[in-house]
Amino acid sequence: MVLPRICPDWQLPARQVTSETVFFNRRRFIRAAVGASVGMSGAIALNSCRRPLDEAAQSEFEKTLGRPLPNAATHPNFNELNGNVTPQDFASRFNNFYEFGGTKDIWEQAQALPTEDWKLTVSGLVNNPQTYDQDDLLKAFPLEERIYRFRCVEAWAMVVPWLGFPMQKLLAAVDPKPEAKFVRFESFFDPSVTPGPSFSFSNLPWPYQEGLRLDEMANELAFFAVGVYGQTLPKQHGAPIRMVVPWKYGFKGAKSIVNIEFVAEQPATYWNTLSPNEYGFEANVNPEVPHPRWSQATERLMGAGNDWEWKKQPTLLYNGYGSYVAQLYS
Ligand code: MTE
């Protein structure tokens, strides 16, 4: 297996990832990961700080994957996890996943998400449409680690070590047609499993959808995460696959994606449909453009210091990734 590459300068050092001090409900995590699918969970149980995957599961996975799993011990970032990575216990218990409720503590409800037999279809204006199951994804796209700043439109921030693959790789695999100008990402939705927030469920524009311009998707920072903190993506973070677009507000990162469609026109998106004045389609992090109800000039870096403490810091234009993405908006 190809190890994650040597860090380019958008790669934050591990010391800036929110620290993993108190490991959240460790046993529950491992149960969820190992119970769901040997393939995916095995693939990314890499962190030497955690209980290693048992040997049978590992060799089963390596057979499917057709290459050895990386050795966490050789991965410098994970070995150095400390003070500045957002604590995993915080990141995994403070979530937005409106399909499972309108509060931040939906991680338990989100365990109802059925991830077995997951299918991701990629369709629309492409020459090579695809349907991937979880193991197909891992075979097709070698995993990398990306430690990215994460900025929610609600003015809180984290530093998160994702595992996954660049969106560019999927573009190369499906070969968009020249007419494709936008991409629509659709999250899992089944009203029998995803009750939504207790308020106004019927008025919400389900399923959760997000969109990018094709050139945004082709940017080297745009990423699909299938794991985080060296493990399979927990359900509350959007298992088994979610978007990570670090220069945009967090709501652009649709979780638990089931469909990706290449289209000619800008697609409707969830938050933009609900409140277009508050949640633009572009949604680039920008300290100069306040949300209509609050300033975006500063942010609360969660998990800085002790577990639940936060630190106020200035918001960075494009969340600090301007040298990679500003040219997209000139
Ligand atoms: N994706 C889906 N399907 N449903 C959601 O409610 N919330 C978004 C984004 N993706 C959301 C979603 C918002 S508002 C944020 S800030 C991030 O997920 C939060 O990601 P996290 O919970 O993994 O930190």
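One-based numbering, in listed order, for ligands and for the atoms of each. Along the sequence shown, residues carry numbers from 1.
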Can you list everything that forms a side chain to side chain donor-acceptor pair (under 3.5 Å) with Glu299? Sequence neighbours excluded, please. Arg151, Gln313
Ligand 1-proximal atoms of Ala254, by part, heavy-atom distance under 4.0 Å: backbone
Can you tell me if Glu265 has over 12 outside heavy atoms packed within less than 6.0 Å of its CD? no
Among Phe251, Phe150, Tyr279, Phe100, closest by heavy atom to atom 19 (C) of ligand 1 is Phe150
Number the atoms of ligand 1 from 1 as they appear, then name those within less than 4.0 Å of a heavy atom of Cys152, with their elements. 16 (S)
Quick check: are there more than 12 heavy atoms from other residues, nucleotides or ligands sitting under 6.0 Å from CG of Asn128? yes
So which heavy atom in the protein is nearest atom 4 (N) of ligand 1, and how far is it from that ligand atom? Glu99 OE1, 2.8 Å
Is there a polar contact, in the sense of an N or O pair closer than 3.5 Å, between Trp162 and ligand 1? no
Hey, which of Lys104, Gln296, Arg300 is the one that makes side chain to side chain donor-acceptor pair (under 3.5 Å) with Glu154? Lys104
To the nearest 0.1 Å, how far is atom 7 (N) of ligand 1 from its closest protein heavy atom, and which atom is that? Asn96 O, 3.3 Å
Which segment of Glu154 sits under 4.0 Å of ligand 1 when only heavy atoms are counted: neither
Using a strict cut-off of 4.0 Å, indicate which atoms of ligand 1 neighbour a heavy atom of Tyr98. 5 (C), 6 (O)
Contacting atoms of ligand 1, where contact means under 4.0 angstrom from a heavy atom of His237: 21 (P), 23 (O)
Distance to 0.1 Å, residue and atom name: give those for the protein heavy atom nearest to atom 22 (O) of ligand 1. Lys255 NZ, 2.6 Å
Of the options Ile257, Ile260, Val183, which is the one that meets Met243 in a side chain to side chain contact (heavy atoms under 4.5 Å, CB included)? Ile257
Proximal ligand 1 atoms for Asn95, defined as those under 4.0 Å from one of its heavy atoms: 21 (P), 22 (O), 23 (O)
Could Asp135 and Lys139 be called an ion pair, given the rule that one side-chain N must be under 4.0 Å from one carboxylate O? no
Are any of the side-chain nitrogens in Glu210 or Arg184 under 4.0 Å away from the carboxylate oxygens of its partner? no
Taking the six-membered ring for Trp, are Phe189 and Trp206 parallel (under 30°), tilted (30 to 60°) or perpendicular (over 60°)? parallel
What do we get for Glu210 next to ligand 1 when only non-hydrogen atoms under 4.0 Å count, side chain, backbone, both or neither? neither
Can you list the residues that meet the side chain to side chain donor-acceptor pair (under 3.5 Å) rule with Asp136, with sequence neighbours excluded? none
Can you list the ligand 1 atoms lying under 4.0 Å from a non-hydrogen atom of Gly253? 9 (C), 10 (N), 12 (C), 18 (O)
Starting from atom 5 (C) of ligand 1, what is the nearest protein heavy atom, named by residue and atom, and what distance separates them? Tyr208 CE1, 3.3 Å
